[in-house]
Amino acid sequence: MESTYNHKAVEAAAQSLWSSTNAYTVVENDPRFPKGQYYACSMLPYPSGKLHMGHVRNYTINDMMYRQLRMRGYNVLQPMGWDAFGLPAENAAMKNNVPPAKWTYENIAYMKKQMQSMGLAIDWSREMAACNPDYYKWNQWLFLKMLEKGIAYRKTQIVNWDPVDQTVLANEQVIDGRGWRTGAVVEKREIPGYYFKITDYAQELLDPVSNPDSPDFLKGWPDRVRAMQENWIGKSEGVRFAFPHEIKDANGKLIQDGKMYVFTTRADTIMGVTFVAVAPEHPLAVWAAESDPELAPKIEALKAGGTTEAELAIKEKLGEPTKLFVTHPLTDVKVQVWVGNYVLISYGDGAVMGVPAHDERDFAFAQKYGIEVRPVYQLKLPIGDMMPGQHPERDAYVEQVDAKGSWKAWYAAKTDDPLEAVALERICPNPYNDLSPQKCVDAVAADLAAKGLGAKRVTWRLRDWGISRQRYWGTPIPIVHCDEHGAQPVPYDQLPVVLPEDCIPDGSGNPLHKHEGFHKGATCPVCGKGARRETDTMDTFVDSSWYFMRYTSPGNANAMVDERNDYWMPMDQYIGGIEHAILHLLYARFWTKVMRDVGLVKFNEPFTKLLCQGMVLNHVYSRKNEKGGIEYFWPTDVENSFGADGRVIGATLKSDGSTVDYGGVTTMSKSKNNGVDPQDLIERYGADTSRLYMMFTAPPEATLEWNDSAVEGSWKFLRRVWAYAAKHEAALRAGIAGPRDESKFSDAAKNLRREIHTTLKQINFDFERIQYNTVVSGCMKVLNAMEATDAAAITPPALAECFSILLRVLYPVCPHITQGLWRELGYEACCGELLNVAWAEVDEKALVSDTVELVLQVNGKTRGTVVVPSGADKATIEAAAAASPEVAKYGEGRAPKKIIVVPGRLVNVVV
RNA sequence: GCCCGGGUGGUGGAAUUGGUAGACACAGCGGACUUAAAAUCCGCCGCUUUCGUGAAUAGCGGGCGUACGGGUUCGAUUCCCGUCCCGGGCACCA
């Protein structure tokens with residue numbers, strides 16, 4: 001064999017072997033795999049042009065899992081596909097004047113080649129692309145089913161409209177209120193669109209992420225992802241009730257029929273209401289502005305600022321009083337209406353009851369405007385003693401068990417005159433004083449219901465999923481518009497509605513409008529007359545909501561999925577970026593439940609286990625240039641300077657020493673000039689080194705700050721593996737072929753086997769918990785142990801066994817070099833192809849040793865070790881420990897008071 | 001502001017249910033080989049120079065050490081309470 005490692009030749013040979021044997025094509029119920037199916041899948045990539053480091057990391061994790069489990073006897077499926085619809089293709093089309101389809105297909109071809117060069121064990125016979133009519137036909141099919149079931153419906157939506165380009169803009173395409181391309185002021189327009197009633201499934205989507213007792217609880221998901229979904233769904237249980245009023249508009253009509261509704265989760269504090277606040281867009285605020293010219297601009301000003309950023313949480317609570325009053329539903333006291341900048345029109349009824357004593361925001365607001373604070377629960381601190389930012393409720397909850405009598409205390413404090421206090425209380429008594437908060441909520445809700453003014457209500461943050469996009473490159477929504485019969489679904493037998501692939505968007509409007517054959521070439525299914533085809537396409541999240549099930553049923557032209565899907569699904573392990581923790585994973589769960597309700601699948605949840613691999617980050621360096629633009633610098637062209645705490649405080653350019661700004665670490669991107677192309681790495685060191693380094697440098701879920709200075713180390717390790725094989729080729733060959741009689745193994749062989757099987761045990765554990773960085777370090781330990789032992793002293797069959805363990809445990813990370821050595825050394829001729837060889841199992845007999853070394857502690861401090869025969873009983877160990885010189889020295893001659901023995905590990909002598 | 005993670009050598013990171021902290025590497029330092037370089041191999045590598053013993057900033061011994069302050073325990077990186085800092089998520093959600 002070659003004396004040195006030639007990665008190019010080795011990798012080419014392995015890859016051509018795999019492709020010539022279709023090594024990774026899997027079939028259902030394959031009898032070769034006694035342990036049954038295992039479906040391990042990565043989130044499908046967008047074909048942007050080429051792979052980035054995040055992809056390499058994601059797919060290497062997936063591939064390691066694949067190879068290890070397959071060797072363990074599982075029928076493993078690792079498919080791949082393309083999230084091929086979407087906006088970037090349209091933008092590229094405009095820039096390069098090529099149809100999005102062509103651009104997309106070329107990218108797919110290139111990226112597929114890159115994946116093959118990584119040595120990924122993908123079953124390409126199941127490849128899918130979202131832009132293929134064979135795939136998106138089923139988006140359309142299920143859409144029609146959802147229309148039938150009422151899960152899909154049509155309503156008008158407010159969108160960002162660019163008046164120059166005549167197109168709809170996504171939120172992120174609106175910059176400072178202007179279109180990103182045209183700079184035109186963006187208008188809000190109401191246009192009709194289709195929605196999915198995901199809210200109907202809210203409770204069913206919530207339980208598996210929030211309730212550990214739910215039968216579908218997703219215990220194989222990271223806690224943080226479950227928490228994010230739970231927050232996103234946002235269930236809150238409370239009471240919705242009305243403040244009656246007689247406020248009339250200019251036409252003399254009662255506004256909102258004389259009832260101002262609010263929602264609260266704290267109905268128990270209803271007796272503490274001292275004001276109400278409405279959003280600036282609320283009908284009462286609108287009327288207040290119309291009827292008071294001085295107030296109008298002030299209310300307008302309250303609309304300023306976004307409402308979706310975290311910074312709002314610390315924004316100052318601002319408001320304006322109006323001349324309007326509503327009536328407290330239980331006490332009939334008049335309550336002033338304020339307009340507040342912290343009230344959101346989009347949540348609940350756009351109005352809140354103000355209880356300064358028991359709500360932090362209400363408290364801040366009341367403090368600012370001198371509104372009365374009226375506690376319902378006894379407070380720990382008098383209101384006057386509270387510091388700014390300190391909120392009464394925190395303390396109030398502590399004391400809430402003693403709510404009884406609190407109002408009396410408060411009234412008494414408000415006036416020195418006990419008679420007046422009694423009088424005040426009579427005006428506004430609190431009948432709920434004796435109740436616990438939860439009982440109080442029930443009682444208040446009952447009283448409001450009796451008056452016909454309110455009821456308990458569950459409110460959700462989750463909104464229905466709007467799927468209409470006024471874009472070209474997406475799944476056509478299968479609807480036609482007839483002048484006579486309106487919007488009509490396309491009949492099932494006319495699916496798919498095929499998207500023309502020859503359009504080149506120019507940025508103005510939807511090119512499908514101009515495509516006569518598409519737009520005008522439809523007929524009404526009711527009357528058969530000519531009709532216009534819907535030109536809106538579906539949100540690309542629709543495509544990604546079920547692609548993983550299409551992998552299971554490739555080539556089926558008659559059904560979305562078939563019985564093969566029942567074999568593979570639910571997916572055992574899903575792997576992808578944390579950035580999809582909410583939307584994609586929620587939509588896929590919803591879509592699965594819809595498929596279940598249509599009778600296509602029998603399970604409730606699609607992903608049993610979820611792994612979110614950490615992001616790959618790199619440093620960012622930039623500087624403002626003369627033109628005012630920002631210039632980014634390649635990280636390796638920059639020298640850092642460090643502060644006393646070791647953090648980067650500044651940076652200079654290596655070329656001329658000029659200073660640049662250090663921007664911390666962020667995700668790699670072309671625009672920030674900090675993306676590392678994995679192809680460079682693969683070409684220079686090979687796929688195995690790249691994979692090894694990627695896995696070794698950080699655990700899969702941790703973020704990884706890119707630094708390739710250690711790649712050389714991984715490269716060096718693989719060269720050592722090869723060199724060891726080349727140096728000991730003869731002994732290894734002899735060991736593979738020779739008879740194996742363990743009773744004749746030399747002591748050196750026994751010692752080496754003990755060490756390697758101990759390490760193997762750890763490696764197996766690390767594979768199970770998906771801690772692949774320590775799997776790699778385990779592989780290094782195996783080689784270190786072999787190199788540290790004189791090979792001549794090792795019985796050849798033992799040497800061959802040890803090296804075969806190394807090749808097998810290293811195989812999932814570095815399949816090429818291990819496959820190459822397996823064949824070169826003759827393992828293949830004897831035991832078959834490495835991919836199909838059984839995983840290395842720990843030989844418990846090899847772990848046994850005559851003596852065992854225990855850690856010796858005196859008074860809890862480690863002082864040395866004590867060697868005892870393995871299997872020694874407690875008394876023997878205690879005696880050995882007590883007799884040790886360390887105990888004599890550190891125990892200062894005192895007799896042991898107590899001896900703690902942890903079998904196999906440690907003995908602690910307390911004197 | 002709230003929720004979820006996290007804080008360990010110069011660096012990436014290890015330590016399975018509390019049991020020898022720093023595995024495995026990278027960088028660095030010293031050495032071997034070589035005409036030289038590369039490659040390779042061997043050794044050292046948390047702090048304490050003023051804690052002891054040494055001529056010694058060598059060895060040996062001791063002490064300290066897992067963000068900080070407490071606690072539980074024979075024993076704490078690990079468990080509990082409090083504080084600070086960093087990262088991610090979010091919804092001023094009534």
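Because the structure is a prediction, the values reported are computed rather than measured. Hydrogens, waters and symmetry mates are skipped; everything else that's a heavy atom, side chains included, is used. Just so it is clear: chains get the letters A, B, ... in the order the sequence lines come, proteins before strands, and each one is counted from 1.
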State whether the number of non-hydrogen atoms from other residues, nucleotides or ligands found under 6.0 Å of A:Glu701 atom CD is greater than 12.
yes
Centroid separation A:Trp338 to A:Tyr369 less than 6.0 Å
yes
Which part of the nucleic acid, if any, lies within reach of A:Arg461 when heavy atoms closer than 4.0 Å are counted: base, sugar-phosphate only, or nothing?
base
Please determine, for the side chain of A:Thr265, which listed nucleotide (B:rU20, B:rC90, B:rA94) has the closest atom?
B:rA94
Tell me whether the OP1 or OP2 atom of B:rA25 has a side-chain N or O from A:Asn784 closer than 4.0 Å.
yes
Look at all strands and tell whether A:Asp362 reaches a base, only sugar-phosphate, or nothing, counting heavy atoms closer than 4.0 Å.
nothing
Hey, which sits more toward the 5' end of RNA chain B by its nearest nucleotide, A:Val225 or A:Ile345?
A:Val225
Tell me what A:Lys716 touches on the nucleic acid: a base, only sugar-phosphate, or nothing, going by heavy atoms under 4.0 Å.
sugar-phosphate
Is B:rG9 syn or anti, taking syn as a glycosidic angle within 90° of 0?
syn
Pick base, sugar-phosphate or nothing for A:Gly713, based on heavy-atom distances below 4.0 Å to the nucleic acid.
sugar-phosphate
Residues of residues 765-776 of chain A with a heavy atom under 4.0 Å from any atom of RNA chain B, listed by number, are A:Phe765, A:Arg769, A:Gln771, A:Asn773, A:Thr774
Which nucleotide wins on minimum distance to the side chain of A:Lys781, given the candidates B:rA94, B:rG63, B:rA23?
B:rA23
What is the pairing partner of B:rA14, taking Watson-Crick or G-U wobble pairs with both distances under 3.5 Å in any strand?
none
When you measure from the side chain of A:Met780, which nucleotide among B:rG89, B:rC24, B:rA94 comes out closest?
B:rC24
Do any side-chain nitrogens or oxygens of A:Lys898 fall under 4.0 Å of OP1 or OP2 in B:rC74?
yes
Please confirm whether the shortest side-chain N or O distance from A:Arg719 to OP1 or OP2 of B:rA39 is below 4.0 Å.
no
Is the A:Tyr685-A:Tyr693 ring centre distance short of 6.0 angstrom?
no
Give me syn or anti for B:rG54, where syn covers glycosidic angles within 90 degrees of 0.
syn
Using OP1 and OP2 only, check whether a side-chain N or O of A:Arg863 sits under 4.0 Å from B:rG19.
no
Which value, in whole Å, describes the distance between the C1' atoms of nucleotides B:rU66 and B:rC33?
41 Å
Is the phosphate of B:rC74, meaning OP1 or OP2, less than 4.0 Å from a side-chain N or O of A:Lys861?
no
Between A:Tyr261 and A:Phe243, is the ring centre distance below 6.0 Å?
no
Can you identify which nucleotide, out of B:rU20, B:rG19, B:rA23, has its nearest atom closest to the A:Ile900 side chain?
B:rG19
Heavy atoms under 4.0 Å, any strand shown: does A:Pro699 hit a base, just sugar-phosphate, or nothing?
sugar-phosphate
Roughly how many Å apart are B:rC80 and B:rG6, using the P atom of each and rounding to a whole number?
12 Å
Roughly how many Å apart are B:rU57 and B:rU17, using the C1' atom of each and rounding to a whole number?
44 Å
Of the listed nucleotides B:rU20, B:rC3, B:rG19, the one nearest the side chain of A:Asn231
B:rC3
Round to the nearest Å and state the distance from A:Lys235 atom NZ to B:rC3 atom P.
20 Å
With heavy atoms under 4.0 Å as the rule, sort A:Phe696 into base, sugar-phosphate or nothing.
base
Taking only the side-chain heavy atoms of A:Ala227 (C-beta and beyond), determine which of B:rC4, B:rA25, B:rU20 contains the nearest atom.
B:rC4
Between atom CD in A:Gln857 and atom C1' in B:rC74, what is the gap in whole Å?
8 Å
